[in-house]
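The residues of the chain are indexed from 1 along the displayed sequence. Given the structure is predicted, the values throughout are model-derived calculations rather than measurements.
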Amino acid sequence: MLSDFLKDYLPIIIFLVLALGLSCAFVVVNFILSPKKPDPEKLSAYECGFEPFEDSRMEFDVRFYLVAILFIIFDLEIAFLFPWAISLGNIGLLGFSSMMIFLFILTTGFIYEWKKGALDWE
């Protein structure tokens, strides 16, 4: 019973132990070799290009969120094109026509957002 278990799961256990050991070793080596006194450039704000100027609870314009949501929606929908393009030879006319309907709906939504001014930045 135990020998069957080891025969089946020993490679997985060895892999997990090796992965955990390497991960811990990399963290320890990084901690030992990393500089302990960061310079001012390391501590500066880098995401926006300017220093924070007010409270973190200040109001943001809703357009930031709108543009982010629209980007995520279109980015995920475009990701559906890759598996379709790979299997285009196998899916036939039904798969092609369903993807064209999908792309038509996607393009219609994009045109609607464009006409409504959701993509304009003032």
> Is there a path from V29 to I32 through hydrophobic residues (I, L, V, M, F, W, Y) whose side chains come within less than 4.5 Å of each other?
Replying inline: yes
> Should the heavy atoms of other residues, nucleotides or ligands under 6.0 Å from CZ of F102 be counted, would the total exceed 12?
Replying inline: yes
> Are the side chains of L20 and C24 in touch, meaning some heavy atoms are under 4.5 Å apart?
Replying inline: yes
>> Does any part of the side chain of L88, heavy atoms only, come nearer than 4.5 Å to the side chain of M99, both counted from C-beta?
In response: no
> Are more than 12 heavy atoms from other residues, nucleotides or ligands located less than 6.0 Å from atom CZ of F74?
Replying inline: yes
>> Do W84 and I73 land in one hydrophobic cluster if side-chain heavy atoms of ILVMFWY residues count as linked below 4.5 Å?
In response: no
> Among the clusters formed by ILVMFWY side chains lying less than 4.5 Å apart, do M100 and L106 turn up in the same one?
Replying inline: yes
>> According to a hydrophobic-cluster definition based on side-chain heavy atoms being under 4.5 Å apart (Ile, Leu, Val, Met, Phe, Trp, Tyr only), do I78 and F96 belong together?
In response: yes
> So how far is it from L16 CG to Y9 OH, rounded to the nearest 0.5 Å?
Replying inline: 12.0 Å
>> Between W114 and F110, is the ring centroid distance below 6.0 Å?
In response: yes
> Going only through I, L, V, M, F, W and Y residues with side-chain contacts under 4.5 Å, is there a path from I105 to L103?
Replying inline: no
> Just wondering, more than 12 heavy atoms not from K36 lying within 6.0 Å of its NZ?
Replying inline: yes
